[in-house]
Structure formats: C-alpha cells, structure tokens
J.: 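If you scroll down you'll find the structure; I have some questions about it.
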Amino acid sequence: MYKRILVATDGSSLSKKAVKDAIALSASLGADLVALNVVPRYPTSYFEGGATISPQEVGRIEKVWADKGQALADAVQKSAEAAGVKAKAVIAKSDLVATSILAAAKKNKCDLIVMASHGRKGLSRILLGSETQQVLTHSTIPVLILR
C-alpha cells in the first residue's frame, strides 16, 4: 500500500505518539520511514537595530538547534531500525514548517505523511496557526493525522 512514509517530529509528547504509530505502520506494511525535524532559523530580523548579536553567535545558536533537530530525527531512525524498519533521518532548516514537510515528502518520494495535531480550536488556532492544516490543504499525497 505505502512504500515510504514521512513522519514529522518536533519532540513533543504528541509527536512521539505519531512517531510510534508511524513506526508500527511502516513495520506492518514493510515500508521505509523518513523521520523529519524542521529546525527554525534564528530570527535576526526581530532584533534588527534593537540589539547587537554577532554573526558568530547567530551561527552558534543555529548549530545548537540543528544538532538538537538531528538528534531528534536520529532517535526516530534508531527506534525504527530497532523495530526492523529501514529509516532515514532528515532535518530541514526553515521557518516554514508546513512547506518544509511537503518539500521533504516530495524530495524523498514519500507516499504518506504522518504527523500529530495539537487540536487547537478557536482563537488559539487563529493566533498560533496550524502547520497540520497547511500540510492537509496543500499535500498531494495522503496525510495521517494523529492526536
């Protein structure tokens, strides 16, 4: 049915559940798994003119974030491989999470995206946005949302 599944993780308890279910689904289908963590870029434009932050400090912070993101993706890969699933750990550096998820799915030729939804409603959803909603709206492949 599915040959390559992308699971998006941010390390939250909800995404850990999505990872667990994605690994189980991959194992049952004999599908490969791509574990993705989207790492934000340092928001230098927020501080423009207001604070002095050296390019070296920005680079250091971005490296810490990238290392943490890679560690999250690597942990998913390790768990998947322990369950007998061929897996690949991937990070994307971007502030556009939904766009990065869709691009990673396309680049890795995935035929299913698995991700968690926080289930926010009302004003909090409007203010915080919904990466899940964006992925659902723009994806050309099936998306499995877990809560």
Side-chain angles (χ1 to χ4, degrees), residues 1-47 55-147:
M1 182 174 201
Y2 298 112
K3 304 226 182 292
R4 185 167 296 132
I5 298 171
L6 181 136
V7 62
T9 183
D10 61 8
S12 68
S13 58
L14 276 174
S15 76
K16 286 178 183 176
K17 180 185 182 309
V19 163
K20 182 180 171 186
D21 289 351
I23 291 170
L25 180 61
S26 295
S28 69
L29 297 173
D32 295 347
L33 187 70
V34 176
L36 172 70
N37 178 264
V38 180
V39 178
R41 297 213 180 264
Y42 192 82
T44 55
S45 63
Y46 296 147
F47 301 109
Q56 294 80 13
E57 181 64 8
V58 170
R60 185 193 67 76
I61 292 168
E62 286 185 335
K63 182 176 181 341
V64 168
W65 290 349
D67 290 347
K68 181 181 175 188
Q70 189 67 56
L72 281 170
D74 288 345
V76 173
Q77 179 181 6
K78 186 176 178 182
S79 295
E81 289 173 347
V85 173
K86 182 179 173 188
K88 175 180 177 181
V90 176
I91 65 165
K93 296 178 184 179
S94 176
D95 292 325
L96 305 173
V97 176
T99 302
S100 296
I101 292 170
L102 294 168
K106 183 176 183 177
K107 179 179 179 181
N108 290 281
K109 298 181 174 127
C110 297
D111 45 17
L112 177 68
I113 298 171
V114 176
M115 59 190 301
S117 174
H118 293 278
R120 293 185 182 102
K121 292 183 171 47
L123 189 57
S124 66
R125 180 168 174 240
I126 292 168
L127 294 175
L128 297 172
S130 172
E131 300 302 336
T132 305
Q133 182 64 39
Q134 290 295 314
V135 171
L136 279 170
T137 301
H138 299 288
S139 181
T140 58
I141 62 172
V143 180
L144 176 61
I145 306 300
L146 302 166
R147 287 176 62 180

J.: Taking all non-hydrogen atoms of both residues into account, name the closest pair between Tyr2 and Leu112 and its distance.
T.: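 Looks like CD2-CB, 3.8 Å.
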J.: Which heavy atom of Ser117 sits nearest to which heavy atom of Ile145, and what is that distance?
T.: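 Result for this residue pair: CB-CG2, 3.4 Å.
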J.: What are the two closest heavy atoms between Leu102 and Gln134, and how far apart are they?
T.: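 That closest heavy-atom pairing would be CD1-O, 4.5 Å.
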J.: Sequence neighbours left out, what passes side-chain hydrogen bond (donor to acceptor under 3.5 Å, both in side chains) with Lys68? Give chain and number order.
T.: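 Here no residue qualifies.
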J.: Would you say the side-chain atoms of Arg4 pair up with the backbone N or O of Asn108, donor to acceptor, closer than 3.5 Å?
T.: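 Checked: pair present.
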J.: If the condition is side chain to side chain contact (heavy atoms under 4.5 Å, CB included), which residues does Glu57 pass it with, not counting sequence neighbours?
T.: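 In terms of side chain to side chain contact (heavy atoms under 4.5 Å, CB included), with neighbours along the sequence ignored, Glu57 is linked to Ile53, Ser54, Arg60, Ile61.
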J.: Go through the structure and list residues passing side-chain hydrogen bond (donor to acceptor under 3.5 Å, both in side chains) with Ser94, not counting sequence neighbours.
T.: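 Scan of Ser94 (side-chain hydrogen bond (donor to acceptor under 3.5 Å, both in side chains), adjacent residues dropped) gives Ser100.
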J.: List the residues meeting salt bridge (charged side-chain N to carboxylate O under 4.0 Å, His left out) with Asp67, not counting sequence neighbours, and say none if there are none.
T.: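 Expected list: Lys63.
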J.: For residues 12-28, which residue pairs qualify under salt bridge (Lys or Arg N to Asp or Glu O under 4.0 Å), counting only residues two or more places apart or in two chains?
T.: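 Non-adjacent pairs meeting salt bridge (Lys or Arg N to Asp or Glu O under 4.0 Å): Lys17-Asp21.
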J.: Applying side-chain hydrogen bond (donor to acceptor under 3.5 Å, both in side chains), can you list everything that pairs with Thr140, at least two apart in sequence or on another chain?
T.: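 In terms of side-chain hydrogen bond (donor to acceptor under 3.5 Å, both in side chains), with neighbours along the sequence ignored, Thr140 is linked to no residue.
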J.: Between side-chain atoms of residues 71-83 and protein atoms elsewhere (two or more places apart, or another chain), which donor-acceptor pairs fall under 3.5 Å?
T.:
unit_1 : atom_1 : unit_2 : atom_2 : d
Asp74  : OD1    : Gln70  : NE2    : 2.9
Gln77  : NE2    : Glu81  : OE2    : 3.2
Gln77  : NE2    : Ala87  : O      : 3.2
Ser79  : OG     : Ala75  : O      : 3.1

J.: Tell me whether Asp95 contacts the main-chain N or O of Arg41 through its side chain, where contact means a donor paired with an acceptor under 3.5 Å.
T.: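 Here the side-chain-to-backbone pair exists.
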J.: Looking at every heavy atom in both Ile101 and Met115, which two are closest together, and how far apart are they?
T.: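 Closest heavy-atom pair between Ile101 and Met115: CD1-CE, 3.9 Å.
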J.: Does any N or O in the side chain of Asn37 come within less than 3.5 Å of the main-chain N or O of Ile91, such that one atom is a donor and the other an acceptor?
T.: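 Pair absent, no side-chain N/O of Asn37 close to backbone of Ile91.
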J.: Could you go through residues 22-32 and list every donor-acceptor pair under 3.5 Å that involves a side-chain atom there, pairing it with any protein atom two or more places apart or in another chain?
T.:
unit_1 : atom_1 : unit_2 : atom_2 : d
Ser26  : OG     : Ala22  : O      : 2.9
Ser28  : OG     : Ala24  : O      : 3.4
Ser28  : OG     : Leu25  : O      : 2.9

J.: Not counting sequence neighbours, which residues clear side chain to side chain contact (heavy atoms under 4.5 Å, CB included) with Lys107? List them please.
T.: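 Not a single residue meets the side chain to side chain contact (heavy atoms under 4.5 Å, CB included) criterion with Lys107.
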J.: Using the side chain to side chain contact (heavy atoms under 4.5 Å, CB included) criterion, which residues pair with Ser12? Sequence neighbours excluded.
T.: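 Expected list: Asp10, Leu14, Ser15, His118.
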J.: Going by the rule side chain to side chain contact (heavy atoms under 4.5 Å, CB included), which residues pair with Ala105 if we only count those two or more places apart in sequence or in a different chain?
T.: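 So Ala105 forms a side chain to side chain contact (heavy atoms under 4.5 Å, CB included) with Leu6, Cys110, Ile113, Ile141.
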